[in-house]
Amino acid sequence: MTDLALELLRVEYAYRRDVALRGVSLKVEPGEVVAITGPSGCGKSTLLHCAAGILRPQAGTVQLVGQNLADLSEANRTRLRRTQAGVVLQFGQLVPDLTLIDNVALPLLLEGHDRQRARRAATEWLDRVGVGDDASAVPGELSGGQNQRAAVARALVTGPAIVFADEPTGSLDSLAGEQMMELLLASVRTGGAALVLVTHDNMIAAYADREVRLRDGVVQHEVALS
Amino acid sequence: MATAELVLGLLHRGPAHGYDVKRGHDAWFPDSRPLAFGQVYTTLSRLERDGLVEVVERGSEGGPERTVYGLTDKGRAHLADWLSEPIQPALGAVDEMVRKVVATIHTGEDATAFLARQRSSHLRRIRELRAASADADDDTPARLVRDFVAVHLDADLRWLDGAMDRITELKETRR
Ligand SMILES: Nc1ncnc2c1ncn2[C@@H]1O[C@H](COP(=O)(O)OP(=O)(O)OP(=O)(O)O)[C@@H](O)[C@H]1O
Ligand SMILES: [Mg+2]
């Protein structure tokens with residue numbers, strides 16, 4: 001039996017003033033595409049950040065590719081996150097001073113890959129997502145859509161088991177959003193990665209195999225779409 | 001009554017049998033309700049009466065299937081007028097969804113389960129339409145029809161989500 005890409009059990013998370021998650025459980029199979037939807041403020045981003053190991057829940061467990069994040073040392077958790085989880089956020093969270101190629105190579109360099117191999121892999125991914133010609137530009141010189149493509153390349157370059165995307169089409173118009181989504185799906189399929197996608201856009205949610213709808217920090221319903 | 005004008009449109013490329021008109025309609029509008037034969041023939045005879053189409057060839061057996069119809073000049077002009085006139089925005093197929101939800105609320109039942117089911121069935125349909133477009137050859141008009149349906153389903157979804165929010169809030173305040 002292969003491990004689930006992700007498993008959350010009764011996860012709770014509270015900020016200083018707001019309780020954002022009140023016991024959320026979620027399973028994601030390898031290669032599965034899951035859309036997290038729900039009204040603004042229902043806890044979608046908090047859920048994604050807990051799942052990706054960026055936030056640490058106050059209660060419940062998060063297992064990434066079969067490993068309980070709470071059981072790992074800080075260093076091992078970071079390593080697991082860097083190699084097994086890719087993250088794409090609404091506004092390309094690229095390093096502004098680095099060229100696209102260096103941005104995409106960065107996760108590999110942090111993992112100790114040699115510079116030449118990292119740059120070669122980065123070039124391949126930039127070509128694959130259609131911004132190969134912009135490899136030596138910095139993010140400020142490019143459009144939101146181009147940066148978003150580079151962010152997809154950066155999320156996929158380590159060959160993660162799961163990709164987390166928070167409103168990846170949020171800053172794009174509807175046509176560019178759909179193209180972005182097609183690209184993201186093609187990219188995760190290439191690497192056999194699962195995709196957990198936060199969106200408030202129903203046209204984007206309709207790309208998923210399954211929808212998990214949150215309301216006020218709990219799962220309101222969950223349905224298969226495929 | 002747009003069926004008449006559509007029939008005129010289907011004859012614009014040249015005279016045809018009623019059967020071809022029906023087939024043409026169904027090909028123009030994949031993922032829509034097919035045009036009934038009966039409706040094609042009653043429409044064609046009404047159009048003939050009004051001088052918008054004429055019989056080009058009447059089959060020896062005399063049945064309506066054997067008759068070939070063509071556009072008259074008047075029919076061509078009428079078609080052009082219709083094509084240039086914007087439609088009155090109105091509810092179409094979604095009437096029934098609204099009626100069900102409203103009736104559910106009026107009868108004192110909980111509509112949230114229906115709304116959730118309707119939501120998933122809409123999402124599934126958008127997915128299917130997209131898959132159909134991806135599989136099909138680049139048949140742009142058919143794709144435009146699917147896009148039209150998908151965009152309207154998206155609008156329905158906005159309405160469904162709003163209805164869900166209102167009904168859930170109402171339940172919470174009553175608790
Ligand atoms: N950094 C933060 N500090 C304090 N409270 C926060 C923070 N981030 C989120 N919250 C609160 O937690 C709750 C859930 O927020 P979250 O960002 O997860 O919602 P969301 O579903 O992603 O909303 P949106 O669709 O608007 O992005 C909200 O009440 C929000 O105000
Ligand atoms: Mg959010």
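Each chain gets a letter, A, B and so on, in the order its sequence line appears, and its residues count up from 1. Everything numeric in this text was worked out from a predicted model, so none of it was measured.
- Side-chain contact between A:Leu9 and A:Ser25 is present, with heavy atoms from C-beta onward closer than 4.5 Å.
- Salt bridge status for B:Asp50 with B:Arg46: absent, with no side-chain N to carboxylate O gap under 4.0 Å.
- Here salt bridge (charged side-chain N to carboxylate O under 4.0 Å, His left out) pairs that include residues 166-190 of chain A, with residues two or more places apart or in two chains, are A:Glu178-B:Arg130.
- Neither the backbone nor the side chain of A:Ser174 comes within contact range of chain B, judged by heavy atoms closer than 4.5 Å.
- Residues from residues 161-169 of chain B that place a non-hydrogen atom less than 4.5 Å from a non-hydrogen atom of chain A comprise B:Asp161, B:Met164, B:Asp165, B:Thr168, B:Glu169, given in numerical order.
- Side-chain contact between A:Leu6 and A:Leu64 is present, with at least one heavy-atom pair separated by less than 4.5 Å.
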Exercise. Between A:Met180 and A:Ile204, is a side-chain contact (heavy atoms from CB on, under 4.5 Å) present by the stated rule, with each step listed?
Worked result: CA-CA 10 Å; A:Met180 179 67 210; A:Ile204 297 298; over 6 Å; no
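- The minimum heavy-atom distance linking B:Val53 with B:Thr72 is given by the pair C-CG2, 3.7 Å.
- If you tally non-hydrogen atom pairs under 4.5 Å between each of B:Arg119, B:Arg158, B:Glu128 and chain A, the highest count goes to B:Arg119.
- Looking at B:Ala150, both its backbone and its side chain come within 4.5 Å of chain A, counting heavy atoms on both sides.
- Annotation: the span from A:Gln58 atom CD to A:Glu12 atom CD amounts to 8.5 Å, rounded to 0.5 Å.
- You'll find the side chain of A:Leu142 reaches within 4.5 Å of the side chain of A:Leu100, heavy atoms only.
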For this session: Would you sort out whether A:Glu32 and A:Lys27 count as a side-chain contact (heavy atoms from CB on, under 4.5 Å), showing the intermediate values?
Result: CA-CA 10 Å; A:Glu32 195 184 12; A:Lys27 285 181 184 170; over 6 Å; no
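- Interface with chain B: from residues 48-55 of chain A, no residue qualifies, criterion being any non-hydrogen pair under 4.5 Å.
- Neither the backbone nor the side chain of A:Ala35 comes within contact range of chain B, judged by heavy atoms closer than 4.5 Å.
- When all heavy atoms of B:His25 and B:Arg33 are compared, the closest pair comes out as CE1-O, 3.7 Å.
- Of the atoms belonging to B:Arg117, not a single heavy atom falls under 4.5 Å from chain A.
- The stretch residues 172-206 of chain A participates, sequence neighbours left out, in no ring-ring contact (aromatic ring centres under 6.0 Å, His included) pair at all.
- Note: B:Phe148 and B:His152 have tilted aromatic rings, judged against thresholds of 30 and 60 degrees for the angle between ring planes.
- No part of A:Asp216 comes within reach of chain B, as not one of its non-hydrogen atoms sits under 4.5 angstrom from that chain.
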